[in-house]
**Q** 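Here it is, the structure in full.
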Amino acid sequence: MQNNLSDLNNHLFSMMEQLANDEEMADPKKLESTLARANGMSKIASQILKTASLQVSALNTAERCGLLNEDMPALIATKDSAGMEANAKKQRQKLLEAVR
């Protein structure tokens with residue numbers, strides 16, 4: 001897993017498919033276990049999405065204030081700041097353009 005929103009989406013759809021499998025969910029113990037797992041995944045997914053939304057908001061604010069540069073704080077960076085590439089500013093700009 002590469003820990004991105006696409007991976008999260010795939011995991012959530014996989015869980016939905018598992019829950020929709022009538023044969024697999026016929027066993028009450030299996031159903032209970034799967035529902036508990038799905039509930040946990042849902043809570044974690046919600047937090048991940050809140051964090052992603054906050055990052056986009058922070059990037060929008062940074063852009064409006066003219067603060068986008070290679071030295072963006074790691075807290076709001078879209079990539080690992082330790083492994084930031086030379087084109088990080090361009091990547092941030094693309095992200096900002098996509099959410100407008």
Side-chain angles (χ1 to χ4, degrees):
M1 186 165 133
Q2 295 181 7
N3 299 324
N4 59 42
L5 294 180
S6 180
D7 292 330
L8 174 62
N9 196 42
N10 290 337
H11 284 291
L12 292 174
F13 276 110
S14 175
M15 181 57 69
M16 283 179 55
E17 289 171 5
Q18 191 175 8
L19 287 168
N21 185 336
D22 291 336
E23 290 176 17
E24 193 171 319
M25 296 296 107
D27 176 12
K29 287 183 180 180
K30 176 78 172 173
L31 176 60
E32 184 179 336
S33 170
T34 302
L35 285 173
R37 190 166 157 236
N39 186 40
M41 286 179 68
S42 175
K43 288 178 181 179
I44 293 168
S46 291
Q47 292 303 312
I48 291 169
L49 293 173
K50 285 179 185 178
T51 300
S53 179
L54 180 61
Q55 284 179 311
V56 169
S57 179
L59 287 170
N60 281 326
T61 300
E63 181 193 38
R64 282 194 307 275
C65 296
L67 299 174
L68 284 182
N69 61 50
E70 292 78 23
D71 299 323
M72 288 288 288
L75 181 61
I76 61 172
T78 56
K79 288 190 162 248
D80 247 350
S81 56
M84 293 289 268
E85 300 149 8
N87 65 354
K89 185 174 180 179
K90 289 180 187 177
Q91 291 174 344
R92 284 192 205 99
Q93 291 290 358
K94 284 181 183 179
L95 174 63
L96 288 168
E97 290 168 10
V99 296
R100 285 190 190 138

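Hydrogens, waters and symmetry mates are skipped; everything else that's a heavy atom, side chains included, is used.
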**Q** Can you name the residues that form a salt bridge (charged side-chain N to carboxylate O under 4.0 Å, His left out) with Glu32, not counting sequence neighbours?
**A** none
**Q** Ser33: what forms a side-chain hydrogen bond (donor to acceptor under 3.5 Å, both in side chains) with it, not counting sequence neighbours?
**A** none
**Q** Under 4.5 Å between any side-chain heavy atoms of Leu12 and Met16, yes or no?
**A** no
**Q** Residues two or more places apart in sequence or in another chain: which of them pass side-chain contact (heavy atoms from CB on, under 4.5 Å) with Ser46?
**A** none
**Q** If you apply the rule side chain to side chain contact (heavy atoms under 4.5 Å, CB included), what do you find for Lys50 with Gln55, and how did you get there?
**A** CA-CA 9 Å; Lys50 285 179 185 178; Gln55 284 179 311; over 6 Å; no
**Q** Does Asn9 have any side-chain contact (heavy atoms from CB on, under 4.5 Å) partners at least two apart in sequence or in another chain, and if so, which?
**A** Phe13
**Q** How does the hydrophobic cluster around Leu31 look, that is, which other residues are in it when side-chain heavy atoms under 4.5 Å mark a link?
**A** Met15, Leu19, Met25, Leu35, Met41
**Q** Please check if any side-chain donor atom of Thr34 sits under 3.5 Å from a side-chain acceptor atom of Arg37, or the reverse.
**A** no
**Q** Between Ser57 and Ser53, is there a donor-acceptor pair closer than 3.5 Å when you use the side chain of the first and the backbone of the second?
**A** no
**Q** Rounded at 0.5 Å granularity, tell me how far CD1 in Ile48 sits from NZ in Lys43.
**A** 14.5 Å
**Q** If the condition is side-chain contact (heavy atoms from CB on, under 4.5 Å), which residues does Leu49 pass it with, not counting sequence neighbours?
**A** Leu5, Leu8
